[in-house]
Structure formats: C-alpha cells, structure tokens
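Notes to accompany the following structure.
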Amino acid sequence: MPVSGLGPYDPNNVFARILRGEIPCRKVYEDEFALAFHDINPQAPVHVLVIPKGAYVSFADFSAKASEAEIAGFFRAVGAVARALGLESEGYRLLANMGPASGQEVPHFHVHIFGGRPLGRMLAS
Ligand code: AMP
C-alpha cells in the first residue's frame with residue numbers, strides 16, 4: 001500500500017527496525033549518516049537501498065528538515081556505495097519514490113541503486 005510522503009514518521013516501519021537491528025539485512029555499507037543493504041526483492045542484478053540514519057518519512061521530509069551535514073553525508077554515502085559496488089564504469093540508476101503517486105511503500109526515505117545490466121527507459125509506463 002503506497003504511503004503519504006507527508007505524514008508523521010512511523011518508528012515501527014521496516015527500515016527503522018533494520019536500523020535498530022531488530023530485523024536483519026544484507027548490509028553493504030554503513031557510516032555516521034547512512035546504511036546501505038540489498039533489496040529483499042531485487043529488480044536488477046544489483047539493487048541496493050541506501051537509507052539515512054535519521055527519522056525522515058520521504059525525500060520531501062528529508063530535503064526540507066535534514067541538516068546540511070546529514071544531506072551531504074547521505075548523498076556522499078550513495079556515491080560511495082555505487083563506487084564500492086563497481087558500478088561507475090558501466091553506469092547505474094538512482095531512484096527515490098516519494099508519496100502515493102510514486103508507489104512509495106516504506107515510509108523511511110531511501111534511494112534505490114540499480115545496476116548490473118542495461119536498465120532501459122526511465123519509466124516502466
Ligand atoms: P519503495 O517502493 O520505494 O518504498 O521501496 C521499498 C523497497 O523496500 C522495495 O523495493 C522492497 O523490496 C524493499 N524492502 C522491503 N522490506 C525489505 C527488507 N526487510 N529488506 C530489504 N528490502 C526491503
């Protein structure tokens with residue numbers, strides 16, 4: 001069920017539980033600002049999620065409320081993860097769903113990194 005990008009933060013969402021260590025994940029990277037792990041239902045040979053450590057519902061929430069250090073740290077982490085995954089030479093796609101029209105399912109801001117094959121057109125339909 002898609003979620004609103006603008007509602008209050010639900011501290012029991014699945015990514016909050018992963019951050020607290022209550023649910024396991026296949027971690028690929030972690031630093032002060034971000035955690036990255038493999039998507040449980042991969043849509044490409046490489047499909048990794050990068051999430052900020054702070055409690056932000058969506059990109060809208062993160063971009064409006066996160067500190068400059070959190071925003072810089074998070075996006076540097078996204079780049080570092082893609083680099084560490086060996087995707088820079090072939091290229092990759094970043095995607096962040098925001099709110100109902102996008103189909104966002106998990107109400108904790110996250111960026112998807114897709115790679116490992118030609119990714120086709122930007123949008124499926
Ligand atoms: P979105 O539709 O942008 O909110 O994407 C949510 C993503 O989280 C989907 O690609 C799911 O497959 C993924 N996901 C949901 N639960 C887990 C989990 N426990 N571990 C890893 N990925 C998950």
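Just the heavy atoms: all of them, side chains too, but no hydrogens, waters or symmetry mates, feed the values below. Remember, it's 1-based here, ligands and their atoms both numbered in the order they're listed.
- At a heavy-atom distance under 4.0 Å, only side-chain atoms of Leu49, from C-beta outward, approach ligand 1.
- Within the structure, the closest approach of His112 to ligand 1 falls below 4.0 Å when heavy atoms are considered.
- For His108, the ring pair (Phe, Tyr, Trp, His ring centres under 6.0 Å) partners two or more places apart in sequence, or in a different chain, are Tyr9.
- In this structure, Val50 and Leu35 have side chains that are not in contact, with every pair of non-hydrogen atoms separated by 4.5 Å or more.
- Interface atoms of ligand 1 facing Asn41, defined by a heavy-atom separation under 4.0 Å, are 12 (O).
- Here the heavy atom of the protein found nearest to atom 8 (O) of ligand 1 is Phe15 CZ, 3.4 Å.
- For ligand 1, the atoms sitting less than 4.0 Å from at least one non-hydrogen atom of Phe37 are 21 (C), numbered in the order shown with element in parentheses.
- Atom 10 (O) of ligand 1 has its closest protein heavy atom at Asp39 OD2, 2.5 Å.
- Expressed to the nearest 0.5 Å, how far CG of Leu95 lies from NE2 of His110 amounts to 8.5 Å.
- Listed by number with element, the atoms of ligand 1 under 4.0 angstrom from any heavy atom of His38 are 21 (C).
- With Gln104 contributing its side chain and Ala96 its backbone, the two residues share no donor-acceptor pair below 3.5 Å.
- Interface of Gly103 with ligand 1, defined as ligand atoms under 4.0 Å from a residue heavy atom, comprises 2 (O).
- In this structure, atom 19 (N) of ligand 1 lies nearest to the protein heavy atom Val14 CG2, 3.7 Å.
- In summary, the atoms of ligand 1 found under 4.0 Å from a heavy atom of Asn97, numbered by their order in the structure, are 1 (P), 2 (O), 3 (O).
- Here Phe109 pairs with Phe59, Phe62, Phe74 under the ring pair (Phe, Tyr, Trp, His ring centres under 6.0 Å) rule; sequence neighbours left out.
- Of the protein's non-hydrogen atoms, the one nearest atom 22 (N) of ligand 1 is Ile40 N, 3.1 Å.
- Looking at Glu88, its side chain never comes within 3.5 Å of a backbone N or O of Glu90 through a donor-acceptor pair.
- A salt bridge between Glu70 and Lys53 is absent, with no side-chain N of the basic residue lying under 4.0 Å from a carboxylate O of the acidic one.
- A donor-acceptor distance shorter than 3.5 angstrom exists from the side chain of Arg20 to the backbone of Pro11, with no hydrogens or angles considered.
- If you check which protein heavy atom lies closest to atom 5 (O) of ligand 1, you get His110 NE2, 3.2 Å.
- Here the protein heavy atom with the shortest distance to atom 4 (O) of ligand 1 is Glu105 N, 2.7 Å.
- Between His38 and His47, the gap from one ring centroid to the other reaches at least 6.0 Å.
- At a 3.5 angstrom cut-off on N or O pairs, Val106 counts as close to ligand 1.
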